[in-house]
Amino acid sequence: FYHTMRVVVLLALVALSAALDNGLGRTPQMGWNSWYDMMDGLNEQLVRETADALIMTGLSKLGYTYINLDDCWAEGRYPNGTVYTERSKFPSGTLKPLADYVHSLGLKFGTYTDRGDKTCAGRPGSLGYETIDAQTYASWGIDYVKEDSCYASTDHDTAFEEYGKMRDALNATGRPIFFSLCGWEDWYAPQGWGLGNSWRIGPDDTNWPGVLQNVNINSQLGQYARPGGWNDPCLLLAETMTGELRMTPRQTRTQFNFWAIMASPLLISANIRNMSAENLETYSNAEVIAIDQDPLGVQGVRLVGGDLSPSGAAENPPLGVLPCDASVAAQQWDWDTPATGYVKNRGNGNCFNVNNCGTDLISFECVTTGGTCCGAFCYKNMQFVLAPNGTLTSPVQPGLCAEVSGSGSSISLVSCASPVSDAQFFQYDHARGLITQGRAASRCVVQAEGGVNVWGRKITQGWAVMFVNAGANDADVTCDAQCFAAMGFKPGQVLHARDVWEHIDFQVSSDGFTVPAVPSDGGSAMFVFKA
């Protein structure tokens, strides 16, 4: 027993010695990144002007302290392996003069490399040069290193090993250097905290659909973020050096809200030298920044809704419930159409379906003949029985009953409750085509359009809550009693509310709060609620 315990302790000590322990990243990093602003137009003079702009706009006083280069600065290596810059862009052959200038302004300076033999733009990578690159960066006064994954192995263990080599090399310099992993995959998250101060969890965001894709990915990874290491859903998007808008100002603001609620890095990758007043106002909101930088370091969670998609389009939308509205086609259903047991939506003509013979219920194109799925005819996944006691069942999952999640954002087949619970109680209103859920019959089954979400994040002053609409039409977005209960509020509580964009205080009830007419295609609102 004692020998086993000694081995366990020794292994733990080895793991700790190999972990990143640089004292950095106690809150998510903030600053500027060159990529979506300059791309291969990057040069030293523009970076100096950007550092000046960070001061002149007041952004530096709000916490934006990193000036970070991305790809396209390095040109080659000397015979001894030391990397040098492209002199037409960085005339000295090193980054030290630029780092010194950035430091003279009270800011920090970061650079970029790749764990492969080349960067994404074909510049020198760090594979096999981790030690000399780390020493070079430290001698130049680098405070931040982003390491990409182009031209590198996709094997998980190899990726972890290669990132570990750069981690150890940076640690060995004795200089505190923030280490940002850029591997573009969610499988970095469980290992990330031992390797770096942040880790990319999805592809380049690039535009509004890319932002939503990374939001959906990150929604499953909150348990891995904490002070010292953060899930990184990529860069903040606005206008480029040519004036091109990567997203609308509305979407830029909603991305900013999302990144704050998800405790994400706030790295503006846009032209702050000539930024619109609206986008500058977005990035200057001290109340939203305070949410992102909250010292609890808890990543937010999705409380209402499912995966988001541009304009609310969802290929196979999940079933959920919303407050009943007989005028909404997505809530109207015909039973026993087009065949016995089928439940067909009057809006898009899709039917109830047990997704992949599992337990989640979705809306899917109606299929009445042909094919086998999971050992039975595929159409069996679309046949349902509504019993007199209110339970909704499927023949492909005998013994299970449909149940609405606490937030109402999904319906799944689970063990049948006895007596029948409110979450498993359904009724069909033939006259209006509504399928009501719960004995109060106030919520109706709907095929989600991927449009609206409510997110919440526990912070030191209560809960930060975001209401978002990615759909094609303006929409009321509601956090109902179950939504508030998921945050730990008791029924009927009077809560203090703070609108962090309108900067006003008011009161709400934990029985429910609706933001009316949230603008379509990326509108959002953000509040702080506390008892």
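Each residue takes its place number in the sequence, starting with 1. Predicted, not measured: the structure shown is a model, and the values here were computed from it.
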Between [X] and [Y], what is the shortest heavy-atom contact and its length?
X	Y	answer
Gln299	Ala225	OE1-CB, 3.5 Å
Ile272	Thr57	O-CG2, 4.1 Å
Trp32	Ile268	CD1-O, 3.1 Å
Pro519	Asp474	CA-OD1, 3.4 Å
Ser264	Pro28	O-CB, 3.4 Å
Phe179	Tyr163	CE2-O, 3.6 Å

Working to the nearest 0.5 Å, report the span between [atom1] of [X] and [atom2] of [Y].
X	Y	atom1	atom2	answer
Asn218	Asn231	CG	CG	4.5 Å
Gln29	Asn68	CD	CG	8.0 Å
Arg26	Arg226	CZ	CZ	9.5 Å
Arg457	Ile291	CZ	CD1	8.0 Å
Ile261	Met466	CD1	CE	7.5 Å
Ile289	Leu62	CD1	CG	4.5 Å

Checking [X] side chain against [Y] main chain: does a donor-acceptor pair fall under 3.5 Å?
X	Y	answer
Thr65	Lys108	no
Gln191	Asp157	no
Arg200	Pro203	yes
Glu185	Ile201	no
Asn216	Leu308	yes
Asp37	Ser269	no
Glu239	Ser276	yes
Gln461	Val528	no
Thr173	Ala169	no
Asp186	Leu221	no

Could you give me the CA-CA distance, side-chain angles and deciding distance for Phe258 and Trp455, then say whether ring-ring contact (aromatic ring centres under 6.0 Å, His included) is met? CA-CA 9 Å; Phe258 260 129; Trp455 284 64; 5.6 Å; yes
I want to know whether Phe529 and Phe489 have ring centres closer than 6.0 Å.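 Here the rings of Phe489 and Phe529 have centres that are no less than 6.0 Å from each other.
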Give a yes or no on whether the ring-centroid distance for Phe484 and Phe513 is below 6.0 angstrom. no
Does [X] reach the side chain of [Y], with side-chain heavy atoms less than 4.5 Å apart?
X	Y	value
Ser60	Leu107	yes
Leu95	Thr85	yes
Trp73	Lys89	no
Val288	Met526	yes
Asn22	Ile177	no
Thr240	Trp35	no
Leu181	Met166	no

State, without any angle test, whether [X] and [Y] hold a side-chain donor-acceptor pair at a distance under 3.5 Å.
X	Y	result
Ser126	Thr113	yes
Glu49	Gln45	yes
Ser153	Asp155	no

Phe527 and Asp499: side chain to side chain contact (heavy atoms under 4.5 Å, CB included), yes or no, with the steps? CA-CA 5 Å; Phe527 305 88; Asp499 186 324; 3.5 Å; yes
Yes or no on side chain to side chain contact (heavy atoms under 4.5 Å, CB included) for Asp292 and Phe256, after CA distance, side-chain angles and deciding distance? CA-CA 9 Å; Asp292 178 79; Phe256 191 59; over 6 Å; no
Those residues at least two apart in sequence (or on a different chain) that pass salt bridge (charged side-chain N to carboxylate O under 4.0 Å, His left out) with Asp143 are Arg175
Can you list the residues that meet the salt bridge (charged side-chain N to carboxylate O under 4.0 Å, His left out) rule with Glu281, with sequence neighbours excluded?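 By the salt bridge (charged side-chain N to carboxylate O under 4.0 Å, His left out) rule, Glu281 matches Arg253.
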I would like to know whether Val47 and Leu42 meet side chain to side chain contact (heavy atoms under 4.5 Å, CB included); could you show each step before the answer? CA-CA 8 Å; Val47 177; Leu42 173 68; 3.5 Å; yes
Got a sec, which residues hit disulfide (SG to SG under 2.5 Å) with Cys120, two or more places apart in sequence or on another chain?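 Applying disulfide (SG to SG under 2.5 Å) to Cys120 gives Cys150.
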Ionic contact status for [Y] with [X], cut-off 4.0 Å:
X	Y	answer
Asp294	Lys458	no
Arg246	Asp205	no
Lys165	Glu130	no
Arg250	Asp521	no
Asp100	Lys96	yes

Disulfide bond (SG atoms under 2.5 Å apart): pairs with one or both residues in residues 46-108, sequence neighbours excluded: none
What disulfide bond (SG atoms under 2.5 Å apart) pairs are there with at least one residue in residues 213-304, not counting sequence neighbours? none
Report the residue from Asn207, Leu236, Asp204, Leu267 that forms a side chain to side chain contact (heavy atoms under 4.5 Å, CB included) with Tyr36. Asp204
Under the side chain to side chain contact (heavy atoms under 4.5 Å, CB included) criterion, do Val452 and Asn469 qualify, and how do the steps go? CA-CA 4 Å; Val452 299; Asn469 177 21; 3.7 Å; yes
For Asp40 and Arg123, what are the C-alpha separation, side-chain angles and deciding distance, and is it a salt bridge (charged side-chain N to carboxylate O under 4.0 Å, His left out)? CA-CA 11 Å; Asp40 61 358; Arg123 307 303 179 100; over 6 Å; no
Just to verify, which of Asp71, Asp148, Asp114 counts as forming a side chain to side chain donor-acceptor pair (under 3.5 Å) with Thr119?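 Passing option: Asp71.
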Residue pairs involving residues 78-134 (criterion ring pair (Phe, Tyr, Trp, His ring centres under 6.0 Å); sequence neighbours excluded):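 Matches after skipping sequence neighbours: Tyr78-Tyr84.
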